[in-house]
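What follows is a single structure, written as structure tokens, with notes after it.
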Amino acid sequence: MPWPAAGTSQDDDRGRVERTARAVLDGIGDPATATTAEFLGACYDAGLAWVHFPVGFGGLGLPAGLQAAADAILAAGGRPDPFLNNPIGVGMAGPTLHGHAGEELRAKLLRPLYTGEQMWAQLFSEPGAGSDLAGLSTRAVRDGDGWVVDGQKVWTSLAHLASWALLLARTDPDLPKHRGLTYFIVDMHAPGVEVRPLRQATGQAEFNEVCLTGVRIPDAQRLGDVGQGWNVAMTTLMNERSAIGDSALGRDSGTIADALGLWRDRPDLHSPALRLRLADLWTQAEAYRLTGERARVARTAGPPGPEASIGKLVGAELNQKIYDFCMDMLGPEGTLYDSYDDPADALAAPVPAGAGEHDRGRNVADPAQRPGRAGASVARRRPRRHRKTLAGHPAGLTHPAPTHPAPAVHDQISARSRQSARAGVAASLPERCRERAGSDRCAHGGRPRRTGTRSGRSGEPS
Amino acid sequence: MSSEFTWSAEQVELRRTVRAFAAQLSPQEEVRRLMASPLGHDPAVWSRLGEELGVLGLATDEEYDGVGDGLVSQAVVIAELGRALVCGPLLGSIILGATVLGGLNDKAARAELLPGLVAGRTSAALAAPLHRGGFDPTAVTVTATVRHSASSPGGTSSPGGTATAEHTLRGSVTHVLDGAAADLLLVAAAIGGGDGDGDGYTIGLFAVNADAAGLVRQSTPTMDLTRRQATVSFNDVPARLLAAAPQAAAVLATTAETAAVLLAAEQVGAAQYLLDLSVEYARTRLQFGRPIGSFQAVKHLCADMLVLVEQARSVAYHGARALDEGTDDPRIAASLAQSVCSKAFTQVAAMAVQVHGGIGFTWKHPAHLYLKRAYTDAALFGSADAHQERLAQLVLDEAGTS
Ligand SMILES: Cc1cc2nc3c(=O)[nH]c(=O)nc-3n(C[C@H](O)[C@H](O)[C@H](O)COP(=O)(O)OP(=O)(O)OC[C@H]3O[C@@H](n4cnc5c(N)ncnc54)[C@H](O)[C@@H]3O)c2cc1C
């Protein structure tokens with residue numbers, strides 16, 4: 001990645017962004033008194049949601065690289081993390097709408113998206129189309145001034161909370177698979193949209209199966225031209241990847257903070273071997289963090305590049321190593337888990353701001369076609385609790401039941417995402433291997449299943 | 001060397017029998033039913049393993065209703081139980097309980113307590129710190145005092161309570177495997193002078209009856225739902241001394257080695273299952289119009305899993321043989337087995353999730369059950385790090401001085 005050139009006009013812009021951010025904080029006053037929606041709404045109205053978006057749409061029309069200047073000030077001033085608040089909305093839908101939606105849609109959707117008043121989901125993956133996203137078979141058929149959609153989606157994170165979703169569907173089964181796709185946004189409350197929660201390995205149901213049966217979508221909710229769905233989806237996925245790979249973090253924050261906290265809190269578990277291992281992990285975390293910072297600075301404008309994939313690749317592996325370390329350090333304490341029950345109230349309410357990190361998984365790419373694939377976003381409902389719960393009192397082990405987030409389980413989300421990031425890096429290289437699928441298996445619109453089981457045959461080999 | 005990795009016809013048959021038994025009586029739906037049940041296992045199935053198949057006492061002497069075959073045969077069986085995640089007090093009763101009792105000098109206690117365990121009629125649990133890769137006397141949290149009262153311990157004839165208890169126990173032990181439902185608790189306790197001088201204690205090994213007065217057991221929620229743990233508290237609980245110093249600590253040290261090796265066999269069996277499952281999925285799951293196993297990335301993942309499983313198998317069975325026949329330093333063989341197998345199983349489990357994509361992350365798919373078992377196993381009798389530390393002492397430090 002190139003070093004950005006320093007320039008005076010950018011320095012002026014930076015000053016403006018910083019002043020605006022401070023003004024927002026002044027307007028908010030005590031952050032404890034503002035709701036998440038109020039706080040984020042003020043940021044949006046001031047143009048600090050995405051500084052590179054146009055004025056009036058959450059932006060200031062400035063280079064994207066200046067977002068970091070705003071974020072640093074706002075985050076320090078207590079702003080809830082908009083991405084954690086609505087990961088698919090802020091991470092993926094926002095940039096996609098910015099790139100491909102008309103003014104009317106953007107005016108209507110961007111603000112509640114940013115404030116989290118309207119949650120978003122991503123209806124891409126299907127039982128037969130995961131890594132091979134372009135092989136999807138959900139059909140959209142033209143009907144007067146709109147479209148009628150039938151099909152089945154799966155692994156849809158947060159669909160149970162979403163007001164809106166990004167949808168990729170097949171509009172022309174006769175064209176080669178990547179060319180027959182069109183991109184829509186769909187109202188999740190429209191008739192014919194049925195969401196069925198799927199229980200995850202963590203016990204919670206944060207992803208879902210979504211059946212679409214005769215769902216009507218106005219043509220105004222089409223993003224990009226008919227047949228251009230793949231290109232629009234690339235915007236979504238590239239932004240997803242950059243949202244994952246290079247968020248701004250200070251030293252000793254993020255996953256390594258969990259390990260450092262555990263180390264500080266539990267001198268009784270120290271050993272020379274663990275000490276060296278943690279020092280090594282800390283070093284790797286710093287290299288990762290600083291590379292991410294460099295990528296952010298390099299990206300003053302324009303679309304995200306391969307550097308975001310590098311960040312994701314390293315980050316996913318590092319997270320798993322860090323959580324493995326925590327498990328090893330905890331020893332038998334790590335074999336406990338508070339509960340696999342999914343509290344019903346947790347499903348009813350939107351994931352609160354700051355509820356924890358969202359580890360986001362993606363899977364492998366079609367090496368020929370796209371650098372990365374699909375968003376797995378999972379809110380950790382019990383973030384970092386082990387640090388406090390286990391802190392310094394082994395007696396707390398007896399009762400009440402100790403709690404910790406079973407990092408090993410959670411981290412499988414990132415474990416399973418490594419492949420894709422690697423493919424993402426590979427796909428961005430000049431001489432990429434062009435591996436094309438032999439046949440297009442997805443020309444027929446799939447009828448949704450009607451059975452009532454929670455997970456049924458989803459994802460089984462088709 | 002020639003016989004190290006060969007299996008007798010009986011052992012081959014044993015593997016086949018247990019696999020068939022598990023397929024029939026412990027299919028995955030049954031494992032899931034049991035993991036949601038209060039007890040966590042089906043005592044009828046457990047006793048069939050003991051009494052009908054006779055596979056719980058393969059390392060126990062014939063004199064005590066065992067088979068006297070040794071640890072290699074027991075490891076073969078445990079690998080199969082691990083493969084199917086068969087629920088039962090394997091850790092408490094067999095891997096720990098029968099091993100401890102088998103090592104006692106006290107013949108009467110062996111004769112009294114072992115037959116029930118290997119028949120699967122009774123169950124045991126061990127409350128002793130083995131989690132640092134060996135028995136750690138400094139981590140004992142229970143103290144024993146000589147009883148001055150002559151009153152009877154509650155008049156029971158079930159295991160552990162027959163002889164007059166001469167001691168009472170105080171303290172609390174966490175992470176007691178299979179501890180909540182065990183009929184017999186084997187407890188390591190520090191026998192103090194009772195004069196306030198805390199240092200001069202020795203370690204004793206005690207038996208406590210499940211219905212002893214002052215015994216409080218609380219199940220703790222576990223990450224691996226197929227395995228139970230309890231916190232066991234002793235409030236002046238009458239106990240019977242099974243072994244005093246120095247025998248108690250020696251038996252517990254040997255038990256830690258045996259447990260390391262037998263747990264390694266479980267890790268191998270379970271990891272092998274995940275490898276088989278993943279290879280099968282890679283063969284049949286189509287993406288881009290081809291089986292995902294035809295993509296090099298997936299192929300390599302499966303190949304890496306295979307390498308891990310095979311290396312794990314080598315050290316696990318080397319360990320069992322070494323403990324049976326003295327072909328290697330048992331401390332080295334045990335720590336080698338645990339450090340390799342813990343890493344292998346956890347890595348294989350993570351890779352299996354990866355191969356399976358989204359479906360591997362669901363509750364319905366078996367991958368998470370094995371993943372949780374993998375991380376739990378790795379923590380039970382010492383982490384890979386702890387065993388490597390022991391290996392460093394044994395191979396590097398001691399080698400320099402000999
Ligand atoms: C927690 C979670 C949340 C998710 N959230 C969403 C969501 O909100 N919206 C959505 O649309 N999707 C979501 N997904 C789906 C995710 O994008 C898919 O799981 C992913 O695209 C992989 O598809 P698959 O599960 O069908 O696996 P498969 O495509 O069947 O892949 C199985 C394995 O094969 C490998 N593989 C496949 N093809 C190749 C190849 N050509 N080269 C090398 N390796 C290959 C994969 O890497 C993987 O290891 C989520 C998934 C998870 C686990």
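The basis for the numbers below is simple: all heavy atoms, side chains too, and nothing from hydrogens, waters or symmetry mates. From a predicted model like this one, the values you see are computed outputs, not experimental measurements.
- Of the atoms belonging to B:L369, not a single heavy atom falls under 4.5 Å from chain A.
- Side-chain N or O atoms of A:Q200 include none that pairs as donor or acceptor with a backbone N or O of B:F361 at under 3.5 Å.
- Side-chain N/O atoms of B:Y375 and A:D324 include a donor and acceptor closer than 3.5 Å.
- To the nearest 0.5 Å, atoms CG (A:L330) and OG (B:S383) are separated by 11.0 Å.
- Within the 4.5 Å cutoff, side-chain heavy atoms of B:H175 are placed close to those of A:L336.
- What you find for A:P127 and B:R285 is that their closest heavy atoms are O-NH1, 2.8 Å.
- Put simply, the side chain of A:Y340 gets close to the backbone of B:M223: a donor and an acceptor are under 3.5 Å apart.
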Requested in this report: List the steps and the verdict of side chain to side chain contact (heavy atoms under 4.5 Å, CB included) for A:Y337 and B:L225.
Outcome: CA-CA 9 Å; A:Y337 194 77; B:L225 293 171; over 6 Å; no

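- Contact annotation: the side chain of A:L198 never approaches that of B:W363 to less than 4.5 Å [non-hydrogen atoms, C-beta and beyond].
- Atoms OG1 and CD, from B:T346 and A:Q320 in turn, are 8.5 Å apart once rounded to the nearest 0.5 Å.
- Counting only distance, with no hydrogens or angles, the side chain of B:Q287 and the backbone of A:G130 share a donor-acceptor pair below 3.5 Å.
- Interface remark: B:Q229 contributes side-chain atoms only to the contact with chain A (heavy atom separation under 4.5 Å).
- Using a 4.5 Å heavy-atom cutoff, the side chains of A:R277 and B:D385 are in contact.
- A distance-only check finds no donor-acceptor pair linking the side chain of B:K372 to the backbone of A:T335 [under 3.5 Å].
- Under the salt bridge (charged side-chain N to carboxylate O under 4.0 Å, His left out) criterion, B:R227 pairs with B:E266, B:D377, not counting sequence neighbours.
- Residues satisfying the salt bridge (charged side-chain N to carboxylate O under 4.0 Å, His left out) criterion with B:R217, sequence neighbours excluded, are absent altogether.
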